[in-house]
Amino acid sequence: MKTLILPIFLLAATYSFAQLQDSTQTKSIDEVILTKKVFQKKADRLVFDVASSPIAKGSNAFDLLKETPMISASDDKTLQILGKNAVLIYLNGRKSNMSPDAVIELLKSMPSENIQKIEVITMPSSEFAVEGNQGIVNIVLKKKPTDGLNGNLRMENNQSYFNSQKASLTLNYRKDKLGLSTNFNAGQNNNRQFLSLANGNNDFRQTSAGNIDNIGANLSGYLNLDFEINEKQNLGFSYNNYTYRSKELHTDLFNELTNLKTGEILRNRTENFGNTKSDDHSFNLNYELKTDDKGSKLSISSSYLKHIKKEEITGSTIEQDAQQNNGELLKKFQQNIPLGIDNIGILADYVKKMNNDYTLSFGASFNHTKTDSDTKFINILPPTGIDLNQSNHFVYTEKIPSAYITLEKNFGEKWTTKAGFRFEKTMSDGIVLDKDITINRDNNSFLPYLSLSYNPNQKHNFSYSFSSRIQRPQFWAIAPNKIYLTETNYIQNNPFAKPETYYNQEFMYMYKNAYFLNLNHSYVKDASEQIPLQGINSKDQRVLAYIRTNYGDKQEMTASVGMQKTFFKGIWMANNSAFVGHHLYKGEVSEDPTDTQHEVVFNKNVIDYNTTFYGINLQNTIRLSSKKDWFLGVNYFYTSSLMIELGKLEPVHGLNLSLKKTMDNWTFNLQARDVFHTSEIKITGYQNNGDYNIVDQSQYRRRFIFTATYTFGNQKLQKLRNIEGANDDVKSRTGNN
């Protein structure tokens, strides 16, 4: 209860002070504020002017995004936009040319001082290659006029259950027509999570509890070259690399299987040792031609992506007594799960600025992707050798030609409209070699888009948008692999999963570029999720399998209100919001689509939920000194309980504190995250047939982070032109959850 007192006070005080300020401002004061707006609503996006914000110095892009209106993050791995299921990162209007894991590392190594503004696009138009209900965050880098060299050195120490250290170096160089930008980032990723699982029914109960440790390190970086051929033509090249090595992946779970009818209890210990190697290499060549002085331009890109991931797991099941003493070794196996992805992409865009405030945009792209996953399951104890039922070699090819056209029109200063559509053709073929499993798809998708924006005056803005999109499964999720947690508890990927179809609508109202109301609705056809199924296998063992599959339809409705405003001449910057949501799920799953031999008979899982939930997100920065060199951050989030496909998700909340000191070219930042250790995940799922499934997960998100940042060189250096990748829409499907 104590953790709620401060957030409630901050939320109430924010709105009270905001109303007091607005009622006392004169017209002359309004005019001054309009020249320094930190947060503004444009025709199709929200703009956060970082250069005018007191939180910009000495931070990184990832932490800065968490302070941006309508964006939130409950961990160090993902970003969320209110009402959206995913976020895509763009740089200077172009999608980042790297895999999802590499994007996060890039953001954490990108100095906030290099950022001019952040644009939040909640409903992307047809020219953006997005899927499902994704939103876009566009980071606009500063442009500075002079030649020279500058850079940024950042060092970080992260103390959670384990200690992790990171360092990054960014260099920017410009000489006449040639520009170069490069980054090198190295760090450790050492994490522990505690996992407690329980499942069963009136006749049977199974529990598993223990730790999962992951000790690893990553190296990443990029090299961008940009050459100005003349005033109208530019040629660019970029290379991005991300390498991850897991030195130790250790799962240690104690399991109890209880027959509630006879009282018999079987105990064992599951211990898995593994390692992961992941490499991403991405190359891109871009040509840009300005065709007139109004802003019309042609852009052509070609890209190549190589993703290689190798995972090796050695698992053992050991008999145990009630005191958890080891007994007989019951089972031991080795599983190799490789995944290779090769992609070639070509993209051409043309934007034509016409008379009478018309803008015509059209373009086309082609992506060819091939994936190869040769999974081996080897029994170490008798019967030894390769288990052909568990092993598979899956080869998958996907071709996606697409085209779009949009037309935008400004009707004076009050009305703006934009309409368009995308056409995407998905042609895919997959086969499990030496098995009777094949996939052949040929789907055509027509995806319309419409938006209207009305500005009756400077204080008010109304906008409405509609968009249709599809969400294809990620490549790793369609390789038909089993990932074992215990001998009878596993995750099953699914090559037969169909794309989801989204129909999205959004209404937004903005008042004085400070207060907003957002209403969002999504209808999802062929919704897909990881669904838990319980059943009996051919060995008469009780099995819990998480099947990635389509289950039915769902609707998501969210209403959000919030504000972004400064008080007391910039001493207090408040970025606070509250939301209420309502979700409907309708469907069922009763089988594993990959189980062609019917080795497991599963009970039906019915997904028929109607849930309402609410929450708040409070981001507050307080300047502690008149010299603007000390800052205190007080951030809090809360989400009430709600039903999801797996069951009931219990409330999640967390308090984060930070203290920042700037000193010449140095910035020091100390953060305490999840102070009260409250952002744990607990899911309880119950079926009418008596089956239940409980997941309790603690990721030890309470941590202390200290960073030291040093900025050097010519700070007026011009940034490079960002280069678009032709295969950017494929990259978001290469990384794991």
Side-chain angles (χ1 to χ4, degrees), residues 40 42-50 60-62 64-66 68-71 73 78-81 84-112 114-143 181 183 222 224 226 234 236 238 240 242 282 284 286 288 295 297 299 301 303 305 345 347 349 351 361 363 365 367 402 404 406 418 420 422 449 451 465 467 469 719-735:
Q40 297 184 61
K42 299 294 186 181
D44 63 344
R45 63 196 65 191
L46 298 158
V47 181
F48 181 38
D49 188 355
V50 176
N60 61 59
F62 186 83
L64 195 60
L65 287 175
K66 293 192 297 184
T68 301
M70 303 192 76
I71 300 178
T78 56
L79 295 165
Q80 298 173 324
I81 297 177
K84 303 297 174 182
N85 57 11
V87 176
L88 293 181
I89 302 299
Y90 276 58
L91 297 174
N92 289 342
R94 302 297 186 183
K95 192 182 293 184
S96 54
N97 194 23
M98 55 191 70
S99 66
D101 290 338
V103 168
I104 296 300
E105 292 302 323
L106 170 66
L107 294 176
K108 290 181 178 179
S109 63
M110 179 183 293
S112 56
N114 289 355
I115 301 174
Q116 176 64 39
K117 58 185 177 180
I118 295 172
E119 300 176 339
V120 182
I121 305 174
T122 56
M123 188 71 77
S125 56
S126 299
E127 63 263 35
F128 293 102
V130 300
E131 295 194 351
N133 194 26
Q134 293 173 333
I136 290 176
V137 173
N138 180 36
I139 299 174
V140 180
L141 301 176
K142 291 180 179 178
K143 294 184 178 180
S181 178
N183 170 270
Y222 61 81
N224 294 333
D226 189 24
N234 283 76
S238 67
N240 298 278
Y242 177 75
S282 179
N284 184 69
N286 171 268
E288 186 174 278
K297 65 179 180 179
S299 179
S301 296
S303 299
L305 168 67
L347 170 69
D349 291 304
V351 178
S361 303
S365 66
N367 272 283
S402 64
Y404 75 87
T406 63
K418 190 173 186 178
R422 285 185 70 89
Y449 172 84
S451 72
S465 300
S467 177
R469 297 286 183 170
K719 298 298 292 184
L720 292 181
R721 178 180 62 95
N722 194 74
I723 301 170
E724 179 178 20
N727 57 8
D728 290 335
D729 53 338
V730 171
K731 297 178 185 300
S732 62
R733 298 166 61 198
T734 62

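We use all heavy atoms of the structure for the numbers below, so side chains are in, but hydrogens, waters and symmetry mates are not. Nothing fancy with the numbering, it's 1 onward along the sequence.
In this structure, the separation between OG1 on T122 and CG on N133 is 9.5 Å, given to the nearest 0.5 Å. Rounding to the nearest 0.5 Å places CG of N224 at 6.5 Å from CG of N240. Here E119 contributes atom CD and D49 contributes atom CG; the two are 10.5 Å apart, rounded to the nearest 0.5 Å. In this structure, F48 CZ and I71 CD1 are separated by 9.0 Å, a value rounded to the nearest 0.5 Å. For the atom pair CE (M70) and CD1 (I81), the distance works out to 7.5 Å, reported to the nearest 0.5 Å. With rounding to the nearest 0.5 angstrom, the CG atom of L79 is 5.5 Å from the CG atom of L65.
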Go through the steps for I89 and L107 under the test side chain to side chain contact (heavy atoms under 4.5 Å, CB included), then give the verdict.
CA-CA 9 Å; I89 302 299; L107 294 176; 4.0 Å; yes
For the pair I121 and F128, evaluate side chain to side chain contact (heavy atoms under 4.5 Å, CB included) and give the outcome as yes or no after the intermediate values.
CA-CA 10 Å; I121 305 174; F128 293 102; 4.0 Å; yes
What do the steps show when you test T406 against Y449 for side chain to side chain contact (heavy atoms under 4.5 Å, CB included), and what is the final call?
CA-CA 9 Å; T406 63; Y449 172 84; 5.6 Å; no
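Among all heavy-atom pairs drawn from S365 and L347, the shortest one is CB-CD1, 3.7 Å. For the pair I115 and A61, the tightest heavy-atom approach, listed with the atom from each and the gap, is CD1-CB, 3.8 Å. Scanning all heavy atoms of the two residues, the minimum distance from P124 to R469 falls at O-NH2, 3.5 Å. In terms of heavy-atom proximity, N367 sits nearest to G345 at OD1-CA, 3.6 Å. The shortest non-hydrogen separation linking L88 to A129 is CD1-O, 4.1 Å.
Between I139 and L64, the closest side-chain pair of non-hydrogen atoms is not below 4.5 Å.
Judged by distance alone, the side chain of R422 and the main-chain N or O of Y404 form no donor-acceptor pair under 3.5 Å.
Here S125 pairs with E127, K418 under the side chain to side chain donor-acceptor pair (under 3.5 Å) rule; sequence neighbours left out.
A donor-acceptor contact under 3.5 angstrom links the side chains of N286 and S299, judged on distance only. Side chain to side chain, S303 and N284 meet the donor-acceptor criterion of an N or O pair below 3.5 Å.
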